[in-house]
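What you are looking at is a predicted structure, and each value in this text was computed from that prediction instead of being measured. Just so you know, residue 1 is the first one in the sequence shown, and it goes up from there.
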Amino acid sequence: MYEIGVVHRSIQRTDADVADKLGAFGSATVHEAMGRVGLMKPTTRPIYAGAQVSGTAVTVLLQPGDNWMLHVAAEQIQPGDIVVAGVTAECTDGFFGELLATSFKARGARALIIDGGCRDVKALTAMRFPVWSRAISAKGTVKATLGSVNIPVVCVPRKLAAATLAAAAKREANEGEKRAKLASGVLGLDMYRMREPLAAAGLRYVD
């Protein structure tokens, strides 16, 4: 069950240096390094190409069609934070737009990740305020129902952040070696030693 109607103000944030360094790696690398957990649905997309960010999380639980708690969350933002918002039921309404982004940015927020919709994409892009959202929708929301701020959602847990960073760096170095081999013409079939298991699985070549 979700905890409703509460704002946790005294939260322990991940070490800022660790959070910043995670930003050097793509989400796929971090996801793999963390043991293939914590990945959001592929329907959650950046509103403009090339957006990449990392930071500490301020989490928000929203009710469908209601962005009240995003305004509540703004007060809890510290420089370097990313607001991560979930919704209690599927909803693609435009929870977030230019005005909230202006408020978030003034508080030092780096981005918003929301399992819902956003709007004012042209303005957000011009502001270079990155948003990952489930949908883009001009449909507005109300301010009537309580959710919560700073309760658990899906992201890199604080306790796993340092270990995930180390694993991501190791994975990236390993992928760099593989990339060099593939660029030299080595086949994945040989680099990953796939030929024997493929033959054992019954793969046949017909000339």
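Looking at Gln63 and Met69, their side chains never come closer than 4.5 Å, going by heavy atoms from C-beta outward. Counting heavy atoms from C-beta on, the side chains of Val58 and Arg13 come closer than 4.5 Å. Put simply, the side chain of Asp66 does not reach to within 4.5 Å of the side chain of Thr141, judged on heavy atoms. Between Ile113 and Met40, some side-chain heavy-atom pair lies under the 4.5 Å cut-off. Between Asn67 and Leu100, the closest side-chain pair of non-hydrogen atoms falls below 4.5 Å. Side-chain atoms of Val149 and His8, non-hydrogen and from C-beta on, never get closer than 4.5 Å to each other. Two residues are said to be in side-chain contact when any heavy atoms from C-beta on lie closer than 4.5 Å; Asp93 and Pro64 fail this criterion. Using a 4.5 Å cut-off on side-chain heavy atoms (C-beta onward), Arg107 and Gln78 make no contact.
In this structure, Phe96 and Phe104 have tilted ring planes: the angle between them lies in the 30° to 60° band.
For the pair Arg134 (side chain) and Gly116 (backbone), a donor-acceptor distance under 3.5 Å is absent. Checking side-chain atoms of Thr59 against main-chain N and O of Ile151 turns up a donor-acceptor pair under 3.5 Å. Of the possible polar contacts, none joining the Asp120 side chain to the Ala123 backbone as a donor-acceptor pair under 3.5 Å is found. Within the 3.5 Å criterion, the main-chain N or O of Tyr192 finds no donor-acceptor partner in the side chain of Lys178.
With respect to the salt-bridge test (charged N to carboxylate O, under 4.0 angstrom), the residues Glu98 and Lys122 do not qualify. Between Asp20 and Arg110, at least one side-chain N (NZ, or NE/NH1/NH2) sits under 4.0 Å from a carboxylate O, which counts as a salt bridge. Using a cutoff of 4.0 Å between basic side-chain nitrogens and carboxylate oxygens, Glu177 and Lys181 are not scored as salt-bridged.
Across all their heavy atoms, Thr92 and Ala135 have their closest contact at CB-CB, 3.7 Å. Closest approach of Thr164 and Ala33 over heavy atoms only: O-CB, 3.8 Å. When all heavy atoms of Ile82 and Ser54 are compared, the closest pair comes out as CD1-C, 3.4 Å. Nearest heavy atom pair, residue Thr145 against residue Trp68, reads N-CE3, 3.4 Å.
Residue Glu175 places its CD atom among more than 12 non-hydrogen atoms of other residues, nucleotides or ligands, all under 6.0 Å distant. The environment of NZ in Lys105 is crowded: more than 12 heavy-atom neighbours from other residues, nucleotides or ligands sit within 6.0 Å. Within 6.0 Å of CZ on Arg45 lie no more than 12 heavy atoms contributed by other residues, nucleotides or ligands.
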Stepwise, does the side chain to side chain donor-acceptor pair (under 3.5 Å) test hold for Ser148 with Glu3?
CA-CA 7 Å; Ser148 291; Glu3 190 177 15; 5.9 Å; no

Applying side-chain contact (heavy atoms from CB on, under 4.5 Å) to Thr44 and Ser133, what does each step give before you reach the verdict?
CA-CA 5 Å; Thr44 304; Ser133 67; 5.9 Å; no

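A cation-pi geometry, defined here as NZ or CZ lying under 6.0 Å from the six-membered ring centre and within 45° of its normal, holds between Arg128 and Tyr48.
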